[in-house]
Colleague: 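Got a structure here, written out as structure tokens. Questions coming.
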Amino acid sequence: MTSTDQSPSANFIRYIIIDDLQAHKYDRQIMTRFPPEPNGYLHIGHAKSICLNFGLAAEFAGVCNLRFDDTNPSRENIEYVESIQEDVRWLGFDWENRLHYASDYFEQIYDYAVQLIQKGKAYVCSLSADEIRQYRGTLTEPGKDSPCRNRTVEENMDLFTRMRNGEFPDGAHVLRAKIDMASSNVVMRDPAIYRIRRASHHRTGDKWCIYPMYDFAHCLSDSIEGITHSICTLEFENNRALYDWVLDALGVACHPQQIEFARLNLTYAVLSKRKMIELVENGYVNGWSDPRMPSISGIRRRGYPPEAIRNFCERIGVAKRDSTVDMALLEHCVRENLNESTPRVMAVLNPLRIVIDNYPEDQVEWLEAPYHPDNQQMGSRNLPFSRVLYIEADDFMEDPPKKFYRLAPGREVRLRYAFYIKCERMIKDEQTGEIQELHCTYDPETRGGGAPDGRKVKATLHWVSADHAIGAEVRLYDHLFTRPDPDGAKDGTDFKTFINPDSLKKLTACRLEPELANAAPGSRYQFERLGYFCVDTVDSCETALVFNRTVTLKDEWAKIQKK
Ligand code: ATP
Ligand code: MG
């Protein structure tokens, strides 16, 4: 058991549900839902909501629906609908036959609006958008009643029917709930619940020219589905009064309980679909699935395993107060998973050629190397060793400082799973002085990594055999932003100003052990001493292998924890 799958971390919603179950509040199983608007790709913040909703349902023998909150036709499309389903499934959750669309309820929601009118609790308002804003008042001043507020039920029915029938241009009228223009909660000052909007909807096409507002459609969709706990983020706290008002006014059979929790904020990331769209559309990143993006498709392509994301979401807990989680914690969860789950292989990112002068020209020997030191079940492979090898260029220094224990002239080091080698001389480019290759000798007595005479070396290097190695491109990623809070500039500087120009580095001359020629897209490895990498699912193909670095080996989170 790893340290992250210990007892559940603080989650106040879990306790609400436990209480409800103990009090037999429901005569049926609990039901939650994840309600994305299909107006962008999902991000890691949504993962928190997905894990919470599906996780609680699973924990308490309930069910969780996937519902598209598709009430705003102008920003929504089918590409988003599909990507969202792929992402939820990838995270490991299953909505079974409970895939819903708010748009499937348009007829019912319309009927509810009619009921409100008939009860005298909604009216058609013909003020312009600007006027409505002026009449609304402010946080400190009450609003003013609209001159349309006292229209009769008949007048309202007539106008609302004609709104539906397309007799008025966009914006000519809205349907408003008749609540209280003096309410201290601005949300309750006769909010619009229907508007005229001529836009083709991704599911209903041109059938409708009026659409329900989010606050009206959301609570009714929850109620229609029989949701017990409607979990949403804190920005909807003020909207809860309206949620309850609508359901009470209509006297519906199912009145779910809305519970708000703090959304996930993450350092070095912007978790907002609108801002992510800006990054994609202006070419700051290569699409939604760019491995630097905090989108689910980005972190999937980057190599983050779904188990690690679920683990992270459990670990951060669920609270009522907004906070920002350190990206290092997310990376820690990923590393912790990959440390156990990935085979370890050898890859040289910046190759330096070395020739073993005392190794026979045409000889090759195969050295057994386990895939994981602590997990025999992963098995092993044989590594070819030959006269010409590559090591990492920065594992050699001509004139090493005190604490550099790796290879240097006259010094002996171990090659992982192979032999001790000693650096005898260097060959430099006469013009540039750049080191071109090293000439070394090896000690055949040290096969497997130890010397019979007990002499020690201070470093073990990774390496590959030059003739056997395969080429690959390796992409190294750094934070997408240069500051941990790209949105936090006091002077309001735009977040895009803080994009890190060095967030992607492509190394095109990498050499990998031959076993990796068969690595399937998406498969994950530890490259010994370098980090965790996965085969890119977009740009990798049979003729060009491309790896993404998922995370480095160094654990910043462990360091932060020790401080
Ligand atoms: P964004 O602000 O990124 O555009 P959104 O809230 O508009 O997101 P929705 O599609 O409405 O996106 O979100 C679906 C669900 O995911 C909602 O219940 C919302 O509360 C939740 N959610 C969105 N962002 C976060 C986040 N950062 N942390 C936790 N839950 C989130
Ligand atoms: Mg939203």
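Ligands are counted one by one from 1 in listed order, and the atoms in each one are counted from 1 as well. Note that this is a predicted model, so its numbers are computed, not measured.
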Colleague: Looking only at N/O atoms, are Pro36 and ligand 1 under 3.5 Å apart anywhere?
Modeller: no

Colleague: Taking the six-membered ring for Trp, are Tyr41 and Trp288 parallel (under 30°), tilted (30 to 60°) or perpendicular (over 60°)?
Modeller: parallel

Colleague: The criterion is side chain to side chain contact (heavy atoms under 4.5 Å, CB included); which residues satisfy it with Ser146, sequence neighbours excluded?
Modeller: Tyr123, Cys125, Leu127, Cys148, Arg176

Colleague: Where the closest heavy atom to atom 3 (O) of ligand 1 is concerned, which of Lys275, Arg274, His43 has it?
Modeller: His43

Colleague: Of the backbone atoms (N, CA, C, O) and the side-chain heavy atoms from C-beta on, which set of Met276 has a member under 4.0 Å from an atom of ligand 1: side chain, backbone, both, or neither?
Modeller: neither

Colleague: Looking at ligand 1, does any of its N/O atoms fall within less than 3.5 Å of an N/O of Glu37?
Modeller: yes

Colleague: What closest approach, in Å, do Asp70 and Tyr101 show between heavy atoms, and which atom pair accounts for it?
Modeller: OD2-CD2, 3.6 Å

Colleague: Should Gly45 be counted as touching ligand 1, given the test is an N or O pair under 3.5 Å?
Modeller: yes

Colleague: Please could you name the atoms of ligand 1 that Ser49 approaches to less than 4.0 Å, counting only its heavy atoms?
Modeller: 16 (O), 21 (C), 30 (N)

Colleague: With atoms numbered from 1 as shown, which atoms in ligand 1 lie under 4.0 angstrom from a non-hydrogen atom of Phe261?
Modeller: 29 (C), 30 (N)

Colleague: Please list, in number order, the atoms of ligand 1 under 4.0 Å from a heavy atom of Thr233.
Modeller: 19 (C), 20 (O), 29 (C), 30 (N), 31 (C)

Colleague: Is there a side-chain contact between Phe160 and Tyr110 (heavy atoms, below 4.5 Å)?
Modeller: yes

Colleague: Evaluate Lys273 for polar contact with ligand 1, using N/O atom pairs at a separation under 3.5 Å.
Modeller: yes

Colleague: Return yes when atom CZ of Arg321 has more than 12 non-hydrogen atoms of other residues, nucleotides or ligands closer than 6.0 Å, and no otherwise.
Modeller: no

Colleague: Applying side chain to side chain contact (heavy atoms under 4.5 Å, CB included), name anything that partners Gln29, two or more places apart in sequence or on another chain.
Modeller: Val63

Colleague: Show me which atoms of ligand 1 lie under 4.0 Å from any heavy atom of Phe34.
Modeller: 14 (C), 15 (C), 16 (O)

Colleague: Please check if the side chain of Thr550 supplies one atom and the backbone of Arg302 the other of a donor-acceptor pair under 3.5 Å.
Modeller: yes

